[in-house]
Amino acid sequence: KKMAIREFIVVGRKEPSEAEPNPPLYRMQVFARNEVIARSRFWYVLHAARKMKKTTGEILSVNEVVEKNPNTVKNFGMWLRYNSRSGIHNMYKEFRDTTLCGAVEQMYADMNGRHRARASSVHIIKTAVVKAEDTRRPNLKQMHNSKIKFPLTHIQPRASHKRYRAKFVTSRPTTFAG
């Protein structure tokens, strides 16, 4: 199994010189499998945006961000752009998950399945926690019903104790609880 996606905050700048002793700092939120890939993505974006390279700049810090409360389900909105076979497209997507990293993994899987867009061609512009009333997508809105039920349709009866368990029985079990 692949490593899970993690969230990093990378801070870097151009190396100080005589002409520019105090260059501006650039802070970026990066989703990557490890710190090395996070640094690489930072330079990839900064090279395109500010014409800086790894050789002319320096990374001041790379910090991993962990979810404050991974026990509650949240709605995440993601603004992204991706390269397809026909061009560059902007997109907004919504996902439900307990962590932002989990939602990003869902997004990568969704983009791969629906649009054949690999993770390398998807650029996350912005992420946000979206309130229930502000969600746009119907597949998320259906989860905001307070009376939602998930019925158990396949229940396998188990013996209350090991001594009552039988290896062979004369009748098939009834697993449908309709």
What one should report as the nearest heavy-atom pair of Pro21 and Pro16 is O-CB, 3.5 Å

Tell me whether Met111 is reachable from Met78 by hopping between hydrophobic residues (I, L, V, M, F, W, Y) whose side-chain heavy atoms are closer than 4.5 Å. yes

What heavy-atom pair brings Trp43 and Met52 nearest, and what distance separates the two atoms? CZ3-CE, 3.9 Å

Six-ring centre of Trp79, Lys126 cation under 6.0 angstrom, axis tolerance 45°: yes

Rounded to the nearest 0.5 Å, the CE atom of Met28 sits from the CZ atom of Phe42 at a distance of 7.0 Å

So Ile59 and Val11, do their side chains get closer than 4.5 Å, heavy atoms only? no

When clusters are formed by joining ILVMFWY residues with side-chain heavy atoms under 4.5 Å apart, either directly or through shared neighbours, do Val62 and Leu46 land in the same one? yes

Separation between CG of Asn90 and CD1 of Ile125, rounded to the nearest 0.5 Å: 5.0 Å

Considering only heavy atoms from C-beta outward, does the side chain of Asp110 approach that of Lys93 to under 4.5 Å? yes

A side-chain contact here means heavy atoms from C-beta on lying under 4.5 Å apart; do Glu64 and Glu7 qualify? no

Are Ile37 and Val45 connected in the hydrophobic side-chain network, where two residues link if heavy atoms are under 4.5 Å apart? no

Single-linkage hydrophobic cluster Val122~Leu100, side-chain heavy atoms < 4.5 angstrom: yes

So, are Arg137 and Glu94 salt-bridged, with charged N and O less than 4.0 Å apart? no

Quiz item: cation-pi between Arg136 and Tyr92, 6.0 Å / 45°: yes

Side chains of Tyr108 and Ile5: does their closest heavy-atom pair fall under 4.5 Å? yes

Could you check His123 against Leu80 for side-chain contact (heavy atoms from CB on, under 4.5 Å), going step by step and ending with a plain yes or no? CA-CA 6 Å; His123 305 288; Leu80 53 108; over 6 Å; no

Lys14 versus Pro23, closest heavy-atom pair with distance: O-CG, 3.0 Å

Work out which heavy atom in Phe8 is nearest to a heavy atom in Ala32; give both atom names and the distance. CE1-O, 3.8 Å

Any link between Leu140 and Met107 through a network of hydrophobic side chains (Ile, Leu, Val, Met, Phe, Trp, Tyr) touching at under 4.5 Å? no

Hey, what do you get for NZ (Lys53) to NZ (Lys51), rounding to the nearest 0.5 Å? 11.0 Å

Do Arg118 and Asn112 have side-chain atoms, one donor and one acceptor, less than 3.5 Å apart? yes

Ion pair check, Lys74 and Glu67, cut-off under 4.0 Å: yes

About how many Å separate OH of Tyr44 and CZ of Arg41, when rounded to the nearest 0.5 Å? 6.0 Å

About how many Å separate CZ of Phe76 and SG of Cys101, when rounded to the nearest 0.5 Å? 9.0 Å

Check: Tyr82 ring centre within less than 6.0 Å of His115 ring centre: yes

Interatomic distance, NZ@Lys141 vs CG@Asn75, rounded to 0.5 Å, equals 11.0 Å

Answer yes or no: does atom NZ of Lys54 have more than 12 heavy-atom neighbours from other residues, nucleotides or ligands under 6.0 Å? no

Contacts of type side chain to side chain donor-acceptor pair (under 3.5 Å), residue Ser84, not counting sequence neighbours: Ser86, His89

Just wondering, do Arg39 and Val30 contact through their side chains at under 4.5 Å, heavy atoms? no

In the structure I gave you, are the side-chain heavy atoms of Tyr164 and His161 within less than 4.5 Å of one another anywhere? yes

Check whether any side-chain heavy atom of Arg85 sits under 4.5 Å from a side-chain heavy atom of Arg116, and report yes or no. yes

Hey, does Val104 have a side-chain heavy atom less than 4.5 Å from the side chain of Ile124? yes

Other residues, nucleotides, ligands: >12 heavy atoms within 6.0 Å of Arg81 CZ: no

